[in-house]
Amino acid sequence: MNETLIFPTLEAVKEARKSIENVVNYTPLQYNSRLSEKFGANIFLKREDLQPVRSYKLRGAYNKIKTLFNEGKVSQGIVCASAGNHAQGVAFSCKQLQIKGTIFMPVTTPKQKLEQVEMFGGNYAEIRLVGDTFDASKTAAFEFAETSGAAFIHPFDDVQIIEGQATLALEILEQQKENIDYVFIPIGGGGLASGIATVFGKLSKETKLIGVEPKGAPSMRLSIQNDINTELSEVDSFVDGAAVKRVGDLTFEICRNSLADCIPVDEGKVCDTILQLYNKDAIVLEPAGALSISALEQYRNQIKGKNVVCIVSGSNNDITRMEEIKERALLYNGLKHYFMVKFPQRPGSLKDFVLNVLGSNDDITHFEYTKKNSRETALAIVGIELSNISDFIGLKQRMKELGYFESYLNDNPDVLSMLV
């Protein structure tokens, strides 16, 4: 263990709660009857999507900035780097405390997120777009902090950030009077999980804490397996709120000794969860916000008959992403398939394909000619949506028997990534 690290304490968490109570919402812990019936358990959702900035990030950001404010350490302002929720929490805090904040964000940040930061920060938050990635923005923010004297606000690897996030754990233990058997926690950099572990480690030691990461960014899981904080060479940035290459040194030390498990969840499963929650529960979540609920399937046997809390961490989702979310969910559930199809160069060949290859409930959702293979045939990429997963075998068989099949593209990640 690194002895130079300063670890959060339960006493400091209680102080943080007093510091942020006038700004942060006491969010509900809602019993979800649909999920409870589905898994044969008592499933409760901690609705951090109902915070003023629509994520739990406000807790840590405000606690850190308020602490610096009280210590007289913000005379040169503050600075942070973020592609989303942390930026919004910092901007909101700046406006509340009337502190000048500079927020570095990637040039690729969606317009919706930029507008949210501007709205929450008002005249107190200045956005600077630097680089194509979060890492590039973070480097620029560090340089700005050194040259300007502004205080850098880390998104997760900071004891006061962690203590702020931990305040939601105090709320959970007040709201749920019976023993809590499991808490499922989304993990990006590990600040939220570290905060919850700090509180539950003192007040509810029997509770099993399960960390949940995107399959494409399992930095905490890999670090725990390696017994050393390990940086990923690359990440799938789809679950942007949790796509972190390297977790914090402090958060790693806390989580490695506190989590009962740390599991990856397929991004397609996350998309399916988002759609289910929207259509059946009228809850709108961002991908990171749906991580904890998406993990329940993997623990179906263990949680049966148990009291389970899922941290719903945020709802800052851009509506323009919904088509991609639907597409990923269909692919994950085996209801969307892409083929390279050979079409004879004769009139009526497409009509024959529709009548003789497609099932009665199959639908062509993508059609793109590539290039002529010969004078007799032409190749096309065809996307087909099924109403039932069991229809796939028959579809592929008919395609081969009638000479249309060239290749199946779902098994080719490089091609598929260009289509989705």
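Just so we're clear, the structure is a prediction, and the values are computed from it rather than from any experiment.
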Let me confirm one number: the [atom1]-[atom2] distance from [X] to [Y], rounded to the nearest 0.5 Å.
{"X": "R246", "Y": "L222", "atom1": "CZ", "atom2": "CG", "answer": "12.0 Å"}
{"X": "T27", "Y": "I172", "atom1": "OG1", "atom2": "CD1", "answer": "8.0 Å"}
{"X": "M220", "Y": "C262", "atom1": "CE", "atom2": "SG", "answer": "6.5 Å"}
{"X": "I65", "Y": "L58", "atom1": "CD1", "atom2": "CG", "answer": "9.0 Å"}
{"X": "M340", "Y": "F405", "atom1": "CE", "atom2": "CZ", "answer": "10.5 Å"}
{"X": "I274", "Y": "S294", "atom1": "CD1", "atom2": "OG", "answer": "7.5 Å"}

Tell me, yes or no, whether the heavy-atom count around [X] atom [atom1], taken from other residues, nucleotides or ligands under 6.0 Å, exceeds 12.
{"X": "N279", "atom1": "CG", "result": "yes"}
{"X": "E115", "atom1": "CD", "result": "yes"}
{"X": "K14", "atom1": "NZ", "result": "no"}
{"X": "E323", "atom1": "CD", "result": "no"}

Distance under 6.0 Å and angle within 45° of the ring axis: does R54 meet both against F120?
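No, R54 does not lie over the aromatic ring of F120.
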Compute both the distance and the angle, then confirm whether K95 meets the cation-pi test with Y124: under 6.0 Å from the six-membered ring centre, within 45 degrees of the axis.
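Verdict for Y124: no cation-pi partner in K95.
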Does [X] have any side-chain hydrogen bond (donor to acceptor under 3.5 Å, both in side chains) partners at least two apart in sequence or in another chain, and if so, which?
{"X": "N85", "value": "E286, N316"}
{"X": "E206", "value": "S204"}
{"X": "S233", "value": "none"}

Non-neighbouring partners of R300 that pass side-chain contact (heavy atoms from CB on, under 4.5 Å), sequence neighbours left out:
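Once residues adjacent in sequence are excluded, the partners of R300 under the side-chain contact (heavy atoms from CB on, under 4.5 Å) criterion are K38, F39, E297.
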Partner residues of F142 under the side-chain contact (heavy atoms from CB on, under 4.5 Å) criterion, sequence neighbours left out:
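With neighbours one apart ignored, the set is K138, F152.
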For [X], salt bridge (charged side-chain N to carboxylate O under 4.0 Å, His left out) partners two or more places apart:
{"X": "D352", "value": "R346"}
{"X": "R34", "value": "D281"}
{"X": "E171", "value": "K46, R59"}
{"X": "D49", "value": "R47"}

Do T377 side-chain atoms and P344 backbone N/O form a donor-acceptor pair below 3.5 Å?
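No; zero donor-acceptor contacts below 3.5 Å.
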I103 vs C80 side-chain heavy atoms within contact, under 4.5 Å
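Heavy-atom side-chain distance check passes, below 4.5 Å.
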For a 4.5 angstrom cut-off between non-hydrogen side-chain atoms, does P155 reach I161?
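No, too far: nothing below the 4.5 Å cut-off.
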When you look at R328 and E324, which way does the salt bridge (charged side-chain N to carboxylate O under 4.0 Å, His left out) test go after all the steps?
CA-CA 6 Å; R328 283 177 174 258; E324 181 185 2; 3.1 Å; yes
Between Y26 and R17, is the side chain to side chain contact (heavy atoms under 4.5 Å, CB included) condition met? List the steps.
CA-CA 10 Å; Y26 189 100; R17 185 178 187 181; 3.2 Å; yes
Residues 385-392, side-chain donor-acceptor partners within the protein, below 3.5 Å, at least two apart:
unit_1	atom_1	unit_2	atom_2	d
N388	OD1	S390	N	3.0
N388	OD1	S390	OG	2.8

Would you list the pairs meeting ring-ring contact (aromatic ring centres under 6.0 Å, His included) in which at least one residue belongs to residues 248-286, sequence neighbours left out?
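Residue pairs passing ring-ring contact (aromatic ring centres under 6.0 Å, His included), neighbours aside: none found.
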Output, in order, the C-alpha distance, side-chain angles, deciding distance and verdict of salt bridge (charged side-chain N to carboxylate O under 4.0 Å, His left out) for E327 and K336.
CA-CA 8 Å; E327 179 86 355; K336 186 69 173 287; 2.6 Å; yes
Go through it in stages, so that I can follow the logic: the residues are D318 and K111, the test is salt bridge (charged side-chain N to carboxylate O under 4.0 Å, His left out), and I'd like the CA-CA distance, side-chain angles, deciding distance and then a yes or no.
CA-CA 9 Å; D318 191 333; K111 183 179 179 182; over 6 Å; no
Is the gap between the ring centers of F353 and F343 under 6.0 Å?
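Yes: the rings meet the under 6.0 Å criterion.
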Tell me which donor-acceptor pairs under 3.5 Å the side chains of residues 180-203 have, and how far apart each pair is, sequence neighbours excluded?
unit_1	atom_1	unit_2	atom_2	d
D181	OD2	N307	N	2.8
S194	OG	G190	O	2.8
T198	OG1	S194	O	2.8

For R398 versus L358, what's the shortest heavy-atom pair and its separation?
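Looking at all heavy atoms of both residues, the closest pair is NH2-C, 3.9 Å.
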